[in-house]
Each structure stands twice: as C-alpha cells, then as structure tokens.
> 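Attaching a single structure in structure tokens format; questions to follow.
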Protein chains: 2
Amino acid sequence: MIDARLITLRVFARCGTIGATAELTGYSPSAVSAQLRELQRVLGMQLLTKDGRGVRLTATGRFLVAGSDPLIAQWESLRAAAMEAGEQVQAHFGIGGFSTAAAQLLAPLAATLRSTRPLLEVQVLEADPARCYDLLIAERIDLAVIVAMQSDAYGEDDPRFEQTVLLDDPLDVIIPANHPLASRTSVTLEELASEPWITESAGSTYHSLFTAAFTAVGVTPRIAHEAVEWETHIAFVGAGLGVGLLPRLAPLHDAENVVRLRITGKGKPVRRIVAAVRRGSIASPLIQESLGILQANADRILTARLETARLEGDQ
Amino acid sequence: MIDARLITLRVFARCGTIGATAELTGYSPSAVSAQLRELQRVLGMQLLTKDGRGVRLTATGRFLVAGSDPLIAQWESLRAAAMEAGEQVQAHFGIGGFSTAAAQLLAPLAATLRSTRPLLEVQVLEADPARCYDLLIAERIDLAVIVAMQSDAYGEDDPRFEQTVLLDDPLDVIIPANHPLASRTSVTLEELASEPWITESAGSTYHSLFTAAFTAVGVTPRIAHEAVEWETHIAFVGAGLGVGLLPRLAPLHDAENVVRLRITGKGKPVRRIVAAVRRGSIASPLIQESLGILQANADRILTARLETARLEGDQ
DNA sequence: GATAACCATGCAAAATAGTTGCATGATCGA
DNA sequence: TCGATCATGCAACTATTTTGCATGGTTATC
C-alpha cells in the first residue's frame, strides 16, 4: 500500500519525461503532471525542476526515490508474508516477458494458473526486457521473464528487483537442409567460420552474444544479412542465404528446409533467462508457485526440443 | 506516502470499532467501512470478520497491522531525511497535548513556529494522552506532548513511537494563605499528613502519583474532596477546604488566598512530561526545531514559576 | 422476554478528486 | 527559421469517495 503518486515518481525517475511516465503507468501526461504536483504539495518538497523543455528530478527528488527502494521492498515483503500466513488468494496477477518467453513460458504459465487458481485474473504483457523492468517498477506487472544481459542497467544486486535464473537457453545453429553439415547432430563454430551469417543488427540484444561466441574460438564471422525476428532468421536460412543462431527455446515450427544443430566445442553461446520480481515479493505464494511452473515448463520444453531436433542433450 | 486506507486500518486496529475509527480519522462510518472493504479487495486479503454487533481483525489483519509498524517508521525516517537533505519547508504541522501542556507549552510553540516559519500552517489539538497517541497513528498530528504514565499501554519501546523526555514537572503543595505553614518556602509531606487533602478521583491520571508519593513517606493522607480541573483544586484550597498538589507547570494565576510551596524530603511527586512522535520522524528538521523550542519554553516557565512562587529551585 | 441502545452496512445523492483532450508556451535540433 | 518535442494549464467529463439516512443484527437492561 504505497501511495500511487510515489510509484509514479519512481517511474518518472526511470523515464525522465512526463510523457514516457504516462505511457508506462497508463495515465495521461497531464494526469502524471498533476499527480507529481500534488505529491510535492502534500510532502512539502520540491521534487522537480524545469530543465530545458522537460523536467528533471531535484536532489531531494533523487534522494526520495533512492530511499523509497527499501520501502517498496519492505511492503512487498510484508504483503507476501501476509498472503502466506493468511492463505489468502490474490485477485490480479500481471506477468510480462519478451516475445519468445511470452509464447513459450508465459502462455503455459497463464494457462496453468487459470486452472489451479480459477479466481485469479492473469494478465500477460509482451514487452522488451528493459520495458519489463519499467513495468515492474510501475506495478503494472508482478513478474517478468527476461533475457539477462550484462549490458543492462539492472544488475543482479539492484535494490528494486530479485532475480532467479530459470534456465540457460543454449543457442543452436540453423542451416539449410541441403547443407553438407545438415546430417550432423552437432557442429563447432569453427566449422561454420566461412559461412555467410545471418544475425541481428549491431548493438541489438543478441549481437553481443553472437560476437562473444566467435571471439571465444578466435574467428570473425562474415555477416551477410540482418534480421530482427527469429521467424525472419529461419526464413533467410531456409532460402539458403546463410546460417544463423537460434535459441533452443525458439521454435523452428515445421520449416522443412532448415535444420537445427547443437553447437559443441568452445564458445557455446547461451542466453540466460531469468525471472525478475519486485524485491520482497519473492516469498509470495503466488510468485513461488509461478516460479515453479515456469521452471518445470522451461525444462520440459528444452528437453522436448532436443528430441524433435534429433539432438542428444548434454545438460 | 503510505496509502490512506492502510492508515485507516491501523487506526481501526487501535479503536476496534468502525465508528471510533471514523471519529478519529475524520471520515464518516460508512466511508471507513467502504475504505476497509476496498483495502481488502485490492490486497486480496480478508482482514475483518463479523464479531457480534461489530467487526474484528482477522489473523491476517493483525499480521498486516503489526508488520506495517516498521513500514510506517521507515517512511517517516525517509521523509525526515529528505526534508533535512533538501532543506525543504513543510506545509502543515499538527501538534497535540493535554490541557496544561496545550496552554503552557503548545501555544508558545505554535507562536514561535509562526514567526520562524511563516509559511507553516500549525494546528493545535487539545486531547488526552491516550487520544494523542491515537491521533499520531491516524496522522492527524505529528507531535504530542503528554504525561508519561507507566499505566499507559504505550511503553517507551513501542514500535510506533519515539518519546523524548521534555522535563520532570514537580508537584508543589498548595495551601490556604492563612495556613500556619504559608510563610514557609518548602514543606515535607509528613508535615501535611494530617491535613484534609483535595485530589482527583481514584483511578485518574494523577491519583497514582498522589498515593505513590505518600506511600514513599509512610503516611496515608485523608482525602477530603475530589476535583478534576486544576482550577477547581485551587478554588477549593482558596476556600479553605484543604490542601492539594499542583504541578509546577500549572499556573496559580492570581489566586491571592492560595500559596504554592515546594515539597522537600522523601517522596517528591513528579510528573514526567514527554514529547511523542511517530517513529522515524524524529530526525525531521521541523520536529527537531519544535523539540528544542518545547524544551526551552519548559525550562523558562519552570524557573519563572519558581520566582513568582517565592521558591528557590533546587533543579 | 421485550425494549432500547449500539454497531456495521447498504443505498442513493452529493461532493470531490482525478482524468482526458486539446491548446499553449517554451525549448532544442535541423 | 521551422518543425518537433515536452510540460502544463484549462474546461469538461468521469470515476471515486463521502455523506446521511435507513436497515438488520446483536448485546445489554429492565
């Protein structure tokens, strides 16, 4: 039960603009403006200053936002403990995640929760990892499934979140079905060093994983094409334009002219998928149950994919 | 910035009835009822149960209220630190106390604050010590001046409050001006053992002080009359009905036929006057300034009274 | 055992935030 | 200089909250 206006201030501290705060919280810009003005009036503190065409937090504002982190955590902790002690049932539950996670992990989670907790209203939001963190702060969602990136501004020790590793999703190689190596069950990156590669645009989420894997084995791949969606990657490979990387969680569907191969040797690229919650809320029965379901589903999908791809899992 | 509904729940936890909660918070009973119902809805917890003709907190409700104590304290602490760090000026300040304190300490405090902080809106509430604690919980006041009583349910270690001793207000003896001892500057309780005494009714706030002082010297006083207000005590003494005790802070005004004498020897009765604030808020600049003003005023009044009463102070 | 007092709650009406959508002013980049 | 971006003010609207009274259930009193 933290006042909504303080939550709004915290979201603003992340976004920096009233407009972005409004978009994230679901209010209109003028509503956010009015809320923050009212907050300053009630507290008797000047929290914002005009800065160019925008507004900026004052030192007092930054102090208050930083200091509210443990306050939020303590409330979440209290709420979780009360839910657990009283065996109460929650009414609403918001979960978010990036596209692959939303399809592969969040949808089953929502379905399972709907059967185990019929009274619970589950809302799933598909969003970028960065936006997921923002949505957690804005209390629009209570749990997020995201790809952990060391480049993210949110470290594991962020006072606002608690993260638990769900699984390490290895990246496989996808090559055309008529490729000489297509009959193999696994390949090394060196064997594919001279292939034309399909990757995401430089600076994107997975590009750093891509380059890190190849620098580990000491080769520099030739980047032939760029794509954003995994579906596009697969289509490009199917068209014989080159080879690419595909997370094992991402489905190949029934692309008949594309083969998925396990990567062996050094530099096996892996994307770490973690569940993030607001700090303190992890003890909540609903969160605990959800984490268990997510874990179970992740393991199940991972092994199932191994079989369909005719791969022998090593983990 | 703790949600108002949680504050209402905390007040209810003290009062036990919706009606009393409404009276203390300033809402109407049905507003309180609706607020608590809404609170249960958004939290997804059952906090109240029907109990006879009233309602009662559930185990979950008690858990939540008890657990919210540190939450409130942490918020107050954060707020105080932000006020201090940012050199901000508060807009509203509520102070409360019992009648003598209100007249002798709170009114000067309000006057001083009005000159040092012209933008601050000060509100003074006169209320019982017990009600002062309730008003602090309800956030109707921010500082209370009360008589510390060991019989109170609020100990010094209450997680909701922080108390600082303002002064130990000694009780003087008031006797008729034509009394044989009236020319003395001090007396012992033994010397007045056979006098008819005027006191408060048994079980009242000061009655325990009264009896404790006399048991310390081993005599049992004869209680002749009972009065509630100090003004009445003085009038009774002036009419020659007996002798009585009067806190040094309480003014004698210009009662010409009443003399105030200092008590010496064993069993000097003293009432301890403390300032109470919500835990965490004591670091606030405004609270700090107020405590200083209160202390200074208390000392000044105490010494001034000594002079007008022709008493030589020993402390 | 009947009556009165008390307590919480429901309901409709009223008050009061809070929100929206647009317009305005100000600022920054091109 | 022009266009884009951003915050804010204002009027109208919406939703929520609060009020005042009436009701039903419970306890104490006679």
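The figures here come from the full heavy-atom set of this structure, side chains too, leaving out hydrogens, waters and symmetry mates. First the proteins, then the strands, lettered A, B, ... as listed; each starts at 1. Computed from a predicted model, the values in this text were never measured in an experiment.
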> In this structure, how many angstroms lie between the C1' atom of C:dC7 and the NZ atom of B:K50, rounded?
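To the nearest whole Å, that distance equals 11 Å.
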
> Starting at CZ of A:R41 and ending at C1' of C:dG18, how long is that distance when rounded to a whole Å?
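Rounding to the nearest Å, CZ of A:R41 and C1' of C:dG18 are 14 Å apart.
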
> How long is the line joining CG of A:L36 and P of C:dT19, in whole Å?
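These atoms are roughly 11 Å apart.
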
> Quick one: how far along DNA chain D does chain A reach, first to last nucleotide 5' to 3', anything under 4.0 Å to a heavy atom?
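Range of nucleotides touched by chain A: D:dA4 to D:dG9.
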
> Output yes when A:R278 and A:E162 qualify as a salt bridge under the 4.0 Å nitrogen-oxygen rule, no when they do not.
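Salt bridge: no.
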
> Please report the distance, rounded to the nearest Å, between CZ in B:R53 and P in C:dA4.
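After rounding, the gap between these two atoms is 16 Å.
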
> Looking at B:E23 and B:R131, is there a salt bridge between them, counting it only when a charged N and a carboxylate O are closer than 4.0 Å?
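Judged by the 4.0 Å cut-off on N to carboxylate O distance, B:R131 and B:E23 do form a salt bridge.
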
> Mind checking if B:T17 touches a base, just sugar-phosphate, or nothing, with heavy atoms under 4.0 Å?
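Answer is sugar-phosphate: B:T17 comes under 4.0 Å of backbone atoms only.
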
> Could you tell me the separation between the CZ atom of A:R5 and the P atom of C:dT19, rounded to a whole number of Å?
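Rounding to the nearest Å, CZ of A:R5 and P of C:dT19 are 10 Å apart.
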
> Rounded to whole angstrom units, what separation is found between the CG atom of B:D51 and the P atom of C:dT9?
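Between P of C:dT9 and CG of B:D51: 12 Å.
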
> Pick the nucleotide of DNA chain C nearest each of A:E38 and B:R37; which residue has the one closer to the 5' end?
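This one resolves to B:R37.
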
> Which pair of non-hydrogen atoms, one from A:L47 and one from A:Q40, has the smallest distance, and what is that distance?
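Scanning both residues, the minimum pair turns out to be N-OE1, 2.9 Å.
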
> What is the distance, rounded to the nearest whole Å, between atom OH of B:Y27 and atom C1' of C:dA15?
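One finds 14 Å between C1' of C:dA15 and OH of B:Y27, rounded.
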
> On DNA chain D, nearest-nucleotide positions of A:A20 versus B:G26: which is more 5'?
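On the 5' side of the pair lies A:A20.
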
> Rounding to an integer number of Å, can you tell me how far B:L9 CG sits from C:dA8 C1'?
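Going from B:L9 (CG) to C:dA8 (C1'), I get 16 Å.
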
> Testing the basics here: between A:S290 and A:L143, what is the closest heavy-atom pair and its distance to 0.1 Å?
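Minimum heavy-atom contact is CB-CD1, 4.0 Å.
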
> Can you see if the side chain of B:S30 gets near the phosphate of C:dT9 - specifically, an N or O under 4.0 Å from OP1 or OP2?
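No, because none of the side-chain N or O atoms of B:S30 sits under 4.0 Å from OP1 or OP2 of C:dT9.
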
> Could you check B:Q123 against B:I141 for side-chain contact (heavy atoms from CB on, under 4.5 Å), going step by step and ending with a plain yes or no?
CA-CA 8 Å; B:Q123 186 184 17; B:I141 60 174; over 6 Å; no

> Answer yes when B:D134 and B:R140 have at least one side-chain N-carboxylate O distance shorter than 4.0 Å, and no when they do not.
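Result for this pair is no, no salt bridge flagged.
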
> Is there a side-chain contact between A:M1 and B:I7 (heavy atoms, below 4.5 Å)?
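The answer is no; the side chains never approach within 4.5 Å.
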
> Is there a side-chain contact between A:Q35 and the phosphate of C:dA17, meaning an N or O under 4.0 Å from OP1 or OP2?
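It does not, given that no N or O in the side chain of A:Q35 lies less than 4.0 Å from OP1 or OP2 of C:dA17.
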
